[in-house]
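All heavy atoms count here, side chains included; hydrogens, waters and symmetry mates do not.
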Amino acid sequence: MTRITTINPATEQTIATYELMSTDAAFEKLEACHRAFLQWRTTSHHARASCLRDIANALRTNADALAAVMTAETGKLLRDGKLEVELCALLFEYAAEQGPVLLADEARTHSGGTKAGVVAYCPIGVVYSVQPWNFPLYQPVRVLADNLMAGNGVILKHASICTGSGLMLRDICLAAGLPKGLFDVVVVDHDTSDAIIAHPRVRGVTMTGSDAAGRHIGQAAAKQLKKTVLELGSNDAYLVLEDADVPLAVKTCVIGRLFNNGETCVSAKRFVVTAAVYDAFVGAFVEQMQATVMGEPTDERTQLGPLSSKEQFDTLSEQVTKSLDGGATLLCGGVPDKGVGYYFPATVLANCQPGTPAYDDELFGPVAAIIKASDDVDAMRIANASRYGLGGGIFTRNEEQAFRLARDHFETGMVRINSFGTADPNMPFGGVKNSGFGREHGGFGMKEFVNAKAIYMPSSARSAS
């Protein structure tokens, strides 16, 4: 393969074709990024922050164009694309506001408190960012904003189906005043990507995607002794406990399953429902899922657009078939209409069994897996019986109990109580187990790829800025 072609998943029409870069061309971008980094690392935190604010403003100015490209390339609802642009602008502004404080030199003492020391958070160089298609702007931005603030350069390998979104982001950053080369995009195949990981100019690697892809990239980076941050897949469990507000749980879980056409790593995917409220929840949940309006993603009336690609459509179809063959019961949806576009209806599977995709794996699309629990204790057991641990949710009227369960028992990086959401600039984002390691947002991402350098001063004089 020497080129890639982007396809509109709603119309199956070609959008654009891009030539793949040679390894040498990709390496030239690495070298240019390194040269830009050598200058950028000498700029003050406040100067970096000013540039990031300019990028945030530029994103808002170009919001309509960005949303249109994302919708065309991935099928996400146009209004969701506009919300994504705003979230990205907020991420740049958060890094600009908090970075100078979080990354400032810290004065410390050593030798029993008799001598002064300084901890300096120094940038390390070029960070290689490998990102998926489901949030074409947000995925690269959540790496970019923090690392630019930290003083690093970033090279992005975006998912091939949203190449246009990645290139538009780069162009907007350049137009906003970001130094040329400091952030760039490589359009490469997997072999060249592995060569980039091994290149000596790359000092850190971050990736969002499946646990299988994360295992490959993590191993390639570890072989080169390079730090990684991996945000991988999940099959997030949302627990509906015995005293849950059922109407609230139903409404929230439908939103949580269908947001971004169900193609979200922290979507509500498994619904673990206690026997006491099972019938009430399932009946209302199926009714609302069946009422979902599926259609063209640019139409304001649409609630569910197409899946992002034929590959994703085929994968989800196979997962549903295997889950039904393994004992699951189809309550609604499940059978896509034949026609133009990769549309998959809102689907509910009940009686999902261990050993099947609906129970064990990540269903990346509008398919809900319902699992019945005998009681609250059993619900938490089922939730944790997963190789994943990214996010999850708890529905109960007892918020104190929910907090204790979330803090002490839920084996995930994030927990929502009586609510659903995806990301917040001020809260850490990341998971445990096969959902990866490392954190982004909330200031944590700014320190993932820095050198916490200990500087020992010869006297008690404090010199930290």
Practice problem: For K76, check salt bridge (Lys or Arg N to Asp or Glu O under 4.0 Å) against everything at least two apart and list the hits. | Solution: E84
Using only atom types and a distance under 3.5 Å, with no angle test, would you say the side chain of [X] pairs donor to acceptor with the backbone of [Y]?
| X | Y | result |
| --- | --- | --- |
| S267 | T264 | yes |
| K447 | L102 | yes |
| R257 | A369 | no |
| N62 | A65 | no |
| T206 | V229 | yes |
| S323 | A358 | yes |
| D146 | G443 | no |
| N152 | L148 | no |
| N235 | D360 | yes |
| Q224 | H199 | no |

Quiz item: Could you walk me through whether V186 and K29 pass the side-chain contact (heavy atoms from CB on, under 4.5 Å) check?
Solution: CA-CA 8 Å; V186 291; K29 289 187 177 291; 3.9 Å; yes
Can you tell me if [X] has over 12 outside heavy atoms packed within less than 6.0 Å of its [atom1]?
| X | atom1 | result |
| --- | --- | --- |
| K310 | NZ | no |
| K433 | NZ | yes |
| F444 | CZ | no |
| R407 | CZ | yes |

Self-check item: Intermediate values then yes/no, side-chain contact (heavy atoms from CB on, under 4.5 Å), E263 and T74
Solution: CA-CA 10 Å; E263 297 171 315; T74 69; 6.0 Å; no
State, to 0.1 Å, how close [X] and [Y] come at their nearest heavy-atom pair, and which atoms those are.
| X | Y | value |
| --- | --- | --- |
| P425 | L90 | CG-CB, 4.2 Å |
| P357 | L363 | O-CD2, 4.0 Å |
| S374 | A275 | O-CB, 3.9 Å |

Quiz prompt | Distance flag, aromatic centroids of Y138 and H441, threshold under 6.0 Å | solution = yes
Is the shortest side-chain N to carboxylate O distance from [X] to [Y] below 4.0 Å?
| X | Y | answer |
| --- | --- | --- |
| E448 | R439 | no |
| D325 | K322 | no |
| R142 | E231 | yes |
| R53 | E93 | no |
| D361 | R387 | yes |
| R170 | D184 | yes |

Quiz item: When the ring planes of F313 and F344 are compared, do they come out parallel, tilted or perpendicular, using 30° and 60° as the limits?
Solution: perpendicular
Quiz item: Would you call the rings of W133 and F364 parallel, tilted or perpendicular if under 30° counts as parallel and over 60° as perpendicular?
Solution: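 It falls in the perpendicular class, over 60°.
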Within this structure, what is the [atom1]-[atom2] distance for the pair [X] and [Y], rounded to the nearest 0.5 Å?
| X | Y | atom1 | atom2 | answer |
| --- | --- | --- | --- | --- |
| S309 | E73 | OG | CD | 12.5 Å |
| H158 | L169 | NE2 | CG | 7.5 Å |
| L324 | T356 | CG | OG1 | 9.0 Å |
| L405 | D376 | CG | CG | 7.5 Å |
| T347 | L316 | OG1 | CG | 7.5 Å |

Under 3.5 Å, which donor-acceptor pairs link side chains of residues 285-296 to any protein atom two or more places apart or in another chain?
residue	atom	partner	partner atom	Å
T292	OG1	Q288	O	3.4
T292	OG1	M289	O	3.0
E296	OE1	T298	N	2.8
E296	OE1	T298	OG1	2.3

Consider only side-chain N and O atoms of [X] and [Y], and report whether a donor and an acceptor are under 3.5 Å apart.
| X | Y | answer |
| --- | --- | --- |
| D243 | T396 | yes |
| N426 | Y94 | yes |
| T208 | Q131 | yes |
| Y388 | D211 | yes |

Quiz prompt | Cation-pi geometry met for K372 and Y278 (6.0 Å, 45°) | solution = yes
Quiz item: Do K157's NZ or CZ and the ring of Y128 fall within the cation-pi criteria of under 6.0 Å and 45°?
Solution: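 Not flagged: K157 not positioned over aromatic ring of Y128.
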Enumerate donor-acceptor pairs with a distance under 3.5 Å from any side-chain N or O in residues 8-20 to protein atoms, sequence neighbours excluded.
residue	atom	partner	partner atom	Å
N8	OD1	A10	N	2.8
N8	OD1	T11	N	3.4
T11	OG1	Q13	N	3.2
E12	OE2	G341	N	2.8
T17	OG1	T5	OG1	3.2
E19	OE2	R3	NE	3.1
E19	OE2	R3	NH2	3.1

Quiz item: Going through the distances and angles, do F259 and T422 end up as a side-chain contact (heavy atoms from CB on, under 4.5 Å)?
Solution: CA-CA 9 Å; F259 177 70; T422 53; 3.6 Å; yes
Exercise. Using the side-chain hydrogen bond (donor to acceptor under 3.5 Å, both in side chains) rule, take D314 and Q312 through it: C-alpha gap first, then chi angles, then the decisive distance, then the call.
Key: CA-CA 5 Å; D314 290 344; Q312 190 60 32; over 6 Å; no
